[in-house]
Amino acid sequence: DLNFSFPDTLQRQYVDDYFYVDLLLNGTEDSLTGGSVTFTFDPSLVQYEGVSFGAGSAGSSGNVDVSQAPSTIWPSQNVLDGVMDSFIYTSGDGGTVQVDFVTLGDGETPTASAPGTYMRIFFTALQSGVTDVDLIAEMVGGDLIGNTNPMVSLDGGDSGDFAYLSGLPDEPITIIILGDPNIDESDYVADPVADVVADGVDLSTLTLTMRDENANFMPVEDVFFEVDSGGGVLSAISGQTDSVGVISVELRSQVADTSKVSVYAGTDANGVFLGTVSVAFVAGTPHALEVDNQPENTNVKETMSEVSVKILDRFGNHVTDAVNSVTVSPGDGGYTFASGTLTSVATEGVATFDDLIIDDAGTDYTMSFASDSLEGAESETFNILKLEQAITFGELPDKVYGDEPFDLSATTDSGLDVSYVTDDTDLISIDGNRVTILGTGTATITAFQGGDDVYLPADSVSQSLTIEAA
């Protein structure tokens, strides 16, 4: 009985790797006298390397080295002495190789029914592509027994995942020889790509399907993900593709921004670049207020520059579609608004106040903002400044002792009354704005205005008054 132990699924090898086909011979050396197996394949993609022969039972087994066999053979047991050319022959070239074998009949050929006697045919993958391997087998001898479970290592090594197949395949086995990861043939997508809530919970799934230059998917490949910008956080930054070349990671964020994530074949960003995806994260539900344009220092009774308030989610992201009503009220400083719109409905998540007037001059004032159940906000400090004023006080004409009292006529641009003082009360007296002459000489009269709740004190202005003798 002869069983072909190559799985009937697509086989994926890599350029320069070797793979092998195991043939399981069931029976004893007396009942199994020989046979042949012919392989046909594409010689530009696959090259025949050699054959090894092994036998064993459940408890013990041995290997007989054969000509052209690679140094690594399976199962890994002690090598027995034997005349190799007495029972295994290979012939053919190019894309056809025939392996003939005969038993010695003298007890030198080890055979067993569990796990049986194995003949292993080795091949090397030369370049990426797809080839069919056809198998024709002919057994010589009688007394055949039932099938067992032949094995093949999927990773071409001494150990690994073994697949089982009973009997010979009816159709050719397709072997896919993989090349290098290829950006044009690989697929890298995000789902969804927009409107993902930046709450650290909502997510976008990033999926890479890795393929080589011939569009063959590449399983069990190292993959590295890197967030380039936008503040996104990945569920994993590295891993391996599955049996069909696919790997997925999850992207979350607490930042309302566009996260860009690149992917590489390899263990870090020095590997083969396979693409970048962008995922747009948006703010969550309204949670709090934040003063955007702060109140500026403003003169009393003048309209303040625009003050604005943003509506934020709980992670501080601007909720651009919020339409909440926001109310402003006096904060620190004990002032009141003389006029202005004190409630504003947000547009694109921003409430503005552009017509506020405060009549009370003072320093270190603040404004308070509130909106329903949202966390409120307090502005930075600002000052309401008094207005400046100026005095106009012209030159005084000379007087003669004995002249009648006269009035001073200084004015302020604020309209506030002006007060006067003299430096020589023996020469003149001043009552309000009326001057009475008391003697001869020169006196200085100073006009001043001390300010009020609106105006700052004015700079004083002085004029000289000369009084001559009669």
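Just so you know, these numbers come straight off a predicted model, no measurement behind them.
Taking both residues in full, the closest heavy atoms of Glu380 and Gln294 are given as N-OE1, 2.8 Å, listed atom of the first, atom of the second, then distance. Contact record, Leu342 with Phe337: CD2-CD1, 3.9 Å, taken as the closest heavy-atom pair. Across Ala256 and Ala198, no two heavy atoms sit closer than the pair N-CB, 3.8 Å. Across all their heavy atoms, Val309 and Leu289 have their closest contact at CG1-CB, 3.8 Å. Between Ser325 and Val345, the closest heavy-atom pair is OG-CG2, 3.6 Å. Taking every heavy atom of both residues into account, Thr422 and Ala443 meet most closely at OG1-CB, 3.8 Å.
Atom NZ of Lys386 has more than 12 heavy atoms from other residues, nucleotides or ligands within 6.0 Å. By the neighbour-count criterion of 12 heavy atoms within 6.0 Å, atom CG of Asp453 is sparsely surrounded, having that number or fewer from other residues, nucleotides or ligands. Counting non-hydrogen atoms of other residues, nucleotides and ligands closer than 6.0 Å to CD of Glu302 gives a total above 12. Other residues, nucleotides and ligands place more than 12 heavy atoms under 6.0 Å from the CD atom of Gln240. For Asp132, the CG atom sits in a packed shell: over 12 heavy atoms of surrounding residues, nucleotides or ligands are nearer than 6.0 Å. The number of heavy atoms from other shown groups lying within 6.0 Å of CD (Glu306) is above 12.
To the nearest 0.5 Å, atoms CG (Leu465) and NZ (Lys399) are separated by 8.0 Å. To the nearest 0.5 Å, atoms CG (Leu203) and CG (Asp191) are separated by 10.0 Å. For the atom pair CE of Met218 and CD of Glu185, the computed distance is 12.0 Å after rounding to the nearest 0.5 Å. Residue Asp459 holds its CG atom at 8.5 Å from CD of Glu388, rounded to the nearest 0.5 Å. Distance check, rounded to the nearest 0.5 Å: CG of Asp332 to CG of Asp364 gives 8.5 Å. Between the CG atom of Leu45 and the CD1 atom of Ile177 there is a distance of 5.0 Å, given to the nearest 0.5 Å.
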Check the pair Ser308, Thr352 against side chain to side chain donor-acceptor pair (under 3.5 Å), reporting the backbone distance first and the verdict last. CA-CA 4 Å; Ser308 63; Thr352 59; over 6 Å; no

Begin from the C-alpha positions of Lys301 and Leu387 and carry the test side-chain contact (heavy atoms from CB on, under 4.5 Å) through to its verdict. CA-CA 9 Å; Lys301 294 183 179 297; Leu387 303 177; 5.7 Å; no

Working for side-chain contact (heavy atoms from CB on, under 4.5 Å), residues Val279 and Val261: CA-CA 8 Å; Val279 178; Val261 183; over 6 Å; no

Steps toward side-chain contact (heavy atoms from CB on, under 4.5 Å) verdict (Asp431, Thr436): CA-CA 8 Å; Asp431 183 11; Thr436 300; over 6 Å; no

Check against side-chain contact (heavy atoms from CB on, under 4.5 Å), Val277 and Val263: CA-CA 9 Å; Val277 294; Val263 65; over 6 Å; no

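Of the possible polar contacts, none joining the Gln389 side chain to the Ser414 backbone as a donor-acceptor pair under 3.5 Å is found. Here the side chain of Asp413 pairs a donor or acceptor atom with the backbone of Ala390 at under 3.5 angstrom. For the pair Asn383 (side chain) and Leu385 (backbone), a donor-acceptor distance under 3.5 Å is absent. Of the possible polar contacts, none joining the Thr209 side chain to the Ser186 backbone as a donor-acceptor pair under 3.5 Å is found. Listed for the Asp423 side chain is a donor-acceptor partner under 3.5 Å among the backbone atoms of Thr444. For the pair Ser204 (side chain) and Pro192 (backbone), a donor-acceptor distance under 3.5 Å is present. A donor-acceptor pair under 3.5 Å links the side-chain atoms of Ser259 to the main chain of Gly230, judged by distance alone. At distances below 3.5 Å, at least one donor-acceptor pair connects side-chain atoms of Asp360 with backbone N or O atoms of Thr336. Asn182 contributes a side-chain N or O that, together with a main-chain N or O of Asp184, makes up a donor-acceptor pair within less than 3.5 Å.
Using modelled atom types, one finds no donor on one side chain facing an acceptor on the other under 3.5 Å when comparing Ser128 with Asp212. Ser379 and Thr366 share no side-chain donor-acceptor pair at under 3.5 Å. For the residue pair Ser44 / Asp42, a side-chain donor-acceptor distance below 3.5 Å is found, with atom types taken as modelled. Using modelled atom types and a 3.5 Å distance limit, the side chains of Asp222 and Thr267 yield no donor-acceptor pair. Defined by atom type and a distance below 3.5 Å, a donor-acceptor pair is present between the side-chain atoms of Glu378 and Ser368.
Using a 4.5 Å heavy-atom cutoff, the side chains of Val307 and Asn293 are not in contact. Between Ser429 and Leu438, some side-chain heavy-atom pair lies under the 4.5 Å cut-off. Looking only at side-chain heavy atoms (C-beta outward), Leu374 and Phe369 stay at 4.5 Å or farther from each other. With contacts defined as side-chain heavy-atom distances shorter than 4.5 Å, the pair Val350/His318 qualifies. Between Phe281 and Val255 the shortest side-chain heavy-atom distance does not fall below 4.5 Å. You'll find the side chain of Phe353 reaches within 4.5 Å of the side chain of Val326, heavy atoms only. Contact of the Ser371 side chain with the Ile311 side chain is not registered, since no non-hydrogen atoms from C-beta on lie closer than 4.5 Å. For the pair Leu274/Val223, no side-chain contact is recorded, criterion being any heavy-atom separation below 4.5 Å from C-beta on.
Ion pairing of Arg211 with Asp187 is present here, as a side-chain N (NZ or NE/NH1/NH2) and a carboxylate O approach within less than 4.0 Å.
Between Phe382 and Tyr365, the ring planes are perpendicular. Angles over 60° get that label, and only those under 30° would be called parallel.
Contacts classified as ring-ring contact (aromatic ring centres under 6.0 Å, His included) and involving residues 401-443 (residues at least two apart or in different chains) are given here: Phe393-Tyr420.
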